[in-house]
2 protein chains.
Amino acid sequence: MIPLEKRIDLLRVIAHPIRIKILEELTLGVKCVSDFEESLEISQPNVSQHLTLLRTNGVIDFFVDGRLKCYFLKEPLIPDMLELLKKEYAEDIPAPACCPVTKKRTYPGERRR
Amino acid sequence: MIPLEKRIDLLRVIAHPIRIKILEELTLGVKCVSDFEESLEISQPNVSQHLTLLRTNGVIDFFVDGRLKCYFLKEPLIPDMLELLKKEYAEDIPAPACCPVTKKRTYPGERRR
DNA sequence: TAAATACATGCAAATATTATTATGCTTTAA
DNA sequence: TTAAAGCATAATAATATTTGCATGTATTTA
């Protein structure tokens, strides 16, 4: 059983535009740092920083390949998460109709809004 | 088509222990601010701030019920997201076996790590 | 062996997030 | 109509995140 806390940390780590882009690219295959440097159009140290954050949180890993570091996806939640982010929903969850029970029990009056 | 950017904002908004707790409680039904004040054991202004953040990002909404504000879930992604956070995976994604293609094409040598 | 490539790290500055405190508004009950 | 309940907001302080820049290390090539 994975503690919810860890999963929330994972959410926090994922919730960044550049890191989402990194993860999407990694679902297509292995990439090295300078690959990202091109595709993300950010500085090399910044790429390394994002990769390090993802790696220290168990999201990705790498192997050394000559002088390249080849990064790959490790956390199995990621593909499901990326898919969920693209899911379309037809409608909002409908508002509860009437008289909800809260601290003050049910409220007898009309719903005002 | 919802822009990915908005979805990433959603992730960021969700990725906080207290707000996850709020959302989990709201999947069970409507709650007012003082309900949360008790269950979350944080100050009332802090509850309001978290609720406001969730509301301004379209995750929840409320209706006025006497002097209570009854909050409810609005964003249909949330239940799916909460379920995904609890999902268990047997194993990590396996590392790519050999010779990945990167910027420098395939590397002829052995995998080192 | 010297230079170049590929990448990481440390530090500081800028920015964003979070919690606390004080205060104000609206609604209901006395 | 006054007091209390329920909630929001503003301002501040504390903390965390993000980036840029300079520099360092390992590996490969010339």
Side-chain angles (χ1 to χ4, degrees), chain A residues 8-22 30-57 59-72 100 102-113, chain B residues 8-22 30-57 60-72 100-113:
Chain A
I8 298 174
D9 284 343
L10 203 64
L11 270 192
R12 200 170 30 76
V13 165
I14 293 171
H16 185 287
I18 289 196
R19 292 194 291 271
I20 288 282
K21 192 96 192 302
I22 287 175
V30 169
K31 290 224 172 188
C32 67
V33 179
S34 47
D35 287 332
F36 290 120
E37 206 179 331
E38 281 183 23
S39 61
L40 303 175
E41 298 184 333
I42 60 177
S43 71
Q44 175 271 313
N46 201 3
V47 172
S48 274
Q49 285 165 2
H50 286 297
L51 290 173
T52 295
L53 185 64
L54 288 169
R55 192 174 52 78
T56 58
N57 282 275
V59 182
I60 62 178
D61 201 359
F62 67 86
F63 54 85
V64 176
D65 195 11
R67 59 184 163 185
L68 304 181
K69 286 197 180 175
C70 298
Y71 281 88
F72 57 88
T102 69
K103 185 185 182 183
K104 289 295 184 186
R105 315 301 213 107
T106 62
Y107 183 74
E110 280 285 294
R111 185 178 147 198
R112 310 258 188 101
R113 178 194 150 155
Chain B
I8 298 175
D9 284 343
L10 204 64
L11 270 192
R12 198 171 31 77
V13 165
I14 293 172
H16 187 286
I18 291 197
R19 292 195 291 271
I20 288 282
K21 191 96 192 302
I22 288 175
V30 168
K31 292 223 169 187
C32 67
V33 179
S34 47
D35 288 330
F36 290 120
E37 206 178 330
E38 281 183 23
S39 62
L40 302 175
E41 298 184 333
I42 60 176
S43 71
Q44 175 270 313
N46 200 5
V47 172
S48 274
Q49 288 179 119
H50 285 297
L51 290 173
T52 296
L53 185 62
L54 288 168
R55 191 175 51 78
T56 58
N57 282 276
I60 63 179
D61 201 359
F62 66 87
F63 52 87
V64 176
D65 194 10
R67 57 183 163 186
L68 305 181
K69 286 198 180 175
C70 298
Y71 281 88
F72 57 87
V101 178
T102 68
K103 184 185 182 185
K104 289 295 184 187
R105 317 300 215 107
T106 62
Y107 183 73
E110 278 286 293
R111 184 178 148 198
R112 311 257 185 101
R113 180 196 149 153

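Numbers restart at 1 for each chain; the letters A, B, ... are given by sequence-line order, proteins then strands.
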Quick one: on DNA chain D, does Lys69(B) or Ser43(A) contact a more 5' nucleotide (nearest heavy atom)?
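It is Lys69(B) whose nearest nucleotide is closer to the 5' end.
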
Does Tyr71(B) or Arg19(A) map to a spot on DNA chain D nearer the 5' end, using the closest nucleotide for each?
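Looking at the nearest nucleotide for each, Tyr71(B) comes out on the 5' side.
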
Can you measure [X] atom [atom1] to [N] atom [atom2] for me and round it to whole angstrom units?
{"X": "Asp65(B)", "N": "dT27(C)", "atom1": "CG", "atom2": "C1'", "answer": "12 Å"}
{"X": "Asp35(A)", "N": "dA6(C)", "atom1": "CG", "atom2": "P", "answer": "10 Å"}
{"X": "Ile42(A)", "N": "dC7(C)", "atom1": "CD1", "atom2": "C1'", "answer": "14 Å"}
{"X": "Leu51(A)", "N": "dA6(C)", "atom1": "CG", "atom2": "P", "answer": "15 Å"}
{"X": "Phe36(B)", "N": "dA8(D)", "atom1": "CZ", "atom2": "P", "answer": "11 Å"}
{"X": "Ile20(B)", "N": "dT18(C)", "atom1": "CD1", "atom2": "P", "answer": "12 Å"}
{"X": "Asp61(A)", "N": "dA8(C)", "atom1": "CG", "atom2": "P", "answer": "12 Å"}
{"X": "Leu54(A)", "N": "dT18(D)", "atom1": "CG", "atom2": "P", "answer": "11 Å"}

Between [options], spot the one nearest the side chain of [X], thanks.
{"X": "Pro45(B)", "options": "dT21(C), dC7(D), dA8(C)", "result": "dT21(C)"}
{"X": "Arg67(A)", "options": "dC21(D), dC7(D), dA6(C)", "result": "dA6(C)"}
{"X": "Leu68(B)", "options": "dA6(C), dC7(D), dA19(C)", "result": "dC7(D)"}
{"X": "His16(B)", "options": "dT18(C), dA8(C), dC7(D)", "result": "dT18(C)"}

Taking only side-chain nitrogens and oxygens of [X], does any of them come within less than 4.0 Å of OP1 or OP2 of [N]?
{"X": "Ser48(B)", "N": "dT9(D)", "value": "no"}
{"X": "Arg12(B)", "N": "dT17(C)", "value": "yes"}
{"X": "Asn46(A)", "N": "dT18(D)", "value": "no"}
{"X": "His50(B)", "N": "dA19(C)", "value": "yes"}

Donor on one side chain, acceptor on other, Glu38(B) and Ser34(B), under 3.5 Å:
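Distance-only check fails for Glu38(B) and Ser34(B).
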
Beyond-backbone contact of Arg55(B) with Asp61(B), side-chain heavy atoms, under 4.5 angstrom
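Result yes, sub-4.5 Å side-chain heavy-atom pair found.
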
4.5 Å side-chain heavy-atom contact, Arg12(A) and Asp9(A)
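In short, these two side chains touch, coming nearer than 4.5 Å.
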
Between Arg19(A) and Val13(A) (side chain of the first, backbone of the second, donor and acceptor by atom type, cut-off under 3.5 Å), is there such a pair?
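Yes, the answer is positive, given that a donor and an acceptor are paired below the 3.5 Å cut-off.
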
For His50(A), which of Ile60(A), Leu40(A), Ile22(A) qualifies under side-chain contact (heavy atoms from CB on, under 4.5 Å)?
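It is Ile22(A); the other options fail the test.
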
Taking N and O atoms by type only, does the side chain of Gln49(B) place a donor or acceptor under 3.5 Å from a partner on the base of dA8(D)?
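No pair found.
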
